Amino acid sequence: IAQAQSGMGKTATFCLGILSRIDQSKNSTQAVILAHSHELAQQIDMVLRQLGHYTDIRYNLSIGGINIMENVNSLKKSQKPHIVIGTPGRILDLIGKRALYTKGLTMFVIDEADEMLSGKMQDQIKNIINSLPQEAQIGLYSATMNNEFFEVANKFMNKPVNILVNLLIFIIFYIWDIDAGLKTPA
């Protein structure tokens, strides 16, 4: 469970973590990332594709507005996507249609988890989580989390590690190159 203010790099953090753990030799979906809106799912998809540009990792964006059969065909073709990014309704629909096989998943991420675990999406999230293998790693990322959030999260997470980032400080060290008169990153 990771909490950090907006703009602190939560998306890049979980994207890099997922990209580093994908086994490209496997022809299976290994990670699902849930977003609460089409726009957020598209943003995550774009970040993943940019960070993983020089890999052979395959992606699938599954959201409303994309023809459901296009998603089904992408998930059932011979070269399966390693990572699926989508909204809860579409992901649950694909699981129900047996297009998204969840038993091989090793990673499941919920972005903006505070919004997803409250209100109308909570039942959809529970149904998706119930379809996951018990050993799948679940990551919850959000800018805000209250006590109710933790109560819900603890019902389906096994001994979660909580990470709270209040302030992220980047320090870039420069080495002064006397001969060239330039500053270069260390």
Side-chain angles (χ1 to χ4, degrees), residues 1-22 29-55 57-77 80-97 99-100 102 105-129 131-132 136-146 148-150 152-153 156-157 163-165 168:
I1 300 175
Q3 178 183 6
Q5 298 168 339
S6 294
M8 299 297 265
K10 291 183 296 294
T11 302
T13 299
F14 68 72
C15 287
L16 286 169
I18 289 171
L19 289 168
S20 71
R21 292 190 55 213
I22 292 294
T29 301
Q30 299 166 48
V32 169
I33 303 170
L34 286 186
H36 72 284
S37 69
H38 300 154
E39 294 79 15
L40 183 57
Q42 289 170 324
Q43 177 187 351
I44 294 167
D45 181 65
M46 182 184 70
V47 170
L48 275 167
R49 289 174 192 272
Q50 289 173 343
L51 292 173
H53 181 75
Y54 295 103
T55 69
I57 294 174
R58 296 180 299 276
Y59 311 90
N60 170 276
L61 178 62
S62 293
I63 58 175
I66 295 176
N67 184 300
I68 185 84
M69 289 313 297
E70 189 178 319
N71 287 144
V72 169
N73 292 337
S74 173
L75 293 167
K76 289 189 171 188
K77 67 184 181 181
K80 302 198 177 351
H82 295 111
I83 304 170
V84 174
I85 307 100
T87 50
R90 179 56 62 96
I91 295 297
L92 195 55
D93 195 16
L94 292 167
I95 292 169
K97 291 183 184 316
L100 179 56
T102 59
L105 291 177
T106 57
M107 298 166 278
F108 179 70
V109 167
I110 304 174
D111 196 11
E112 300 300 340
D114 60 327
E115 292 187 36
M116 302 265 261
L117 294 177
S118 64
K120 64 183 181 182
M121 290 186 198
Q122 189 173 356
D123 289 338
Q124 292 176 326
I125 302 300
K126 286 180 183 177
N127 288 334
I128 294 168
I129 288 171
S131 76
L132 300 176
Q137 182 180 18
I138 299 173
L140 306 178
Y141 294 80
S142 188
T144 60
M145 298 176 181
N146 58 28
E148 179 185 346
F149 168 85
F150 286 103
V152 172
F156 62 83
M157 294 188 79
I163 301 168
L164 171 61
V165 178
L168 186 61

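Because the structure is predicted, anything quoted here is derived from the model rather than measured.
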| request: Check Pro81 against Tyr59 and note the closest heavy-atom contact, atom names and distance. | output: CB-C, 3.8 Å
| Residues which pass side chain to side chain contact (heavy atoms under 4.5 Å, CB included) with Thr106, listed by chain and number, not counting sequence neighbours | Gln30
| said: Using the side chain to side chain contact (heavy atoms under 4.5 Å, CB included) criterion, which residues pair with Gln43? Sequence neighbours excluded. | reply: Leu40
| note | Smallest heavy-atom separation, Leu105 atom then Ala31 atom, equals CD2-N, 3.6 Å
| Where the side chain of Arg58 meets the backbone of Lys80, is there a donor-acceptor pair that is under 3.5 Å apart? | yes
| task | Test Ile83 against every option in Val109, Leu19, Ile44 by the side-chain contact (heavy atoms from CB on, under 4.5 Å) rule and name the one that passes. | result | Leu19
| Counterpart residues, ring pair (Phe, Tyr, Trp, His ring centres under 6.0 Å), relative to Phe108 (two or more places apart) | none
| task | Starting from the C-alpha separation in whole Å, work towards a yes-or-no answer on side-chain contact (heavy atoms from CB on, under 4.5 Å) for Ile33 and Val84. | result | CA-CA 6 Å; Ile33 303 170; Val84 174; over 6 Å; no
| Any donor and acceptor pair, going by atom type alone, linking the side chain of Thr102 with main-chain N or O of Ser131 inside 3.5 Å? | yes
| said: Under the rule for side chain to side chain contact (heavy atoms under 4.5 Å, CB included), what residues qualify as partners of Asp93, not counting sequence neighbours? | reply: Ile68, Lys97
| message | Using every non-hydrogen atom in the two residues, find where Ala143 and Glu112 come nearest and quote the distance to one decimal. | response | N-OE1, 4.4 Å
| query | Does Asn60 use its side chain to pair, donor to acceptor, with the backbone of Ser74 at less than 3.5 Å? | reply | no
| Looking only at heavy atoms, what is the nearest atom pair of Ile91 and Ser62, with distance? | CD1-CB, 4.2 Å
Can you give me every donor-acceptor pair (side chain of residues 119-128, partner residue at least two apart or in another chain, under 3.5 Å) with its distance?
residue	atom	partner	partner atom	Å
Asn127	ND2	Asp123	O	3.3

| field | Separation of Ile110 CD1 from Leu117 CG (nearest 0.5 Å) | value | 5.0 Å
| query | Minimum heavy-atom separation for Cys15 to Val47, with atom names? | reply | SG-CG1, 3.9 Å
| query | Excluding sequence neighbours, so at least two apart, what forms side chain to side chain donor-acceptor pair (under 3.5 Å) with Gln137? | reply | Arg21
| Does Thr29 have any side chain to side chain donor-acceptor pair (under 3.5 Å) partners at least two apart in sequence or in another chain, and if so, which? | none
| query | Can you list every salt bridge (charged side-chain N to carboxylate O under 4.0 Å, His left out) pair that touches residues 35-45, not counting sequence neighbours? | reply | Asp45-Arg49
| query | CD1 of Ile138 to CG of Leu132: how many Å apart, nearest 0.5 Å? | reply | 5.5 Å
| query | Is there a side-chain contact (heavy atoms from CB on, under 4.5 Å) between Val72 and Met69 once you walk through the steps? | reply | CA-CA 5 Å; Val72 169; Met69 289 313 297; 4.2 Å; yes
| message | Nearest 0.5 angstrom please: Lys76 NZ to Leu94 CG, how far? | response | 10.0 Å
| If every non-hydrogen atom of Ala41 is compared with every non-hydrogen atom of Leu61, which pair is closest and at what distance? | O-CD1, 3.7 Å
| note | Sorted by chain and number, sequence neighbours left out, side chain to side chain contact (heavy atoms under 4.5 Å, CB included) with Thr87 holds for His38, Ile63, Arg90
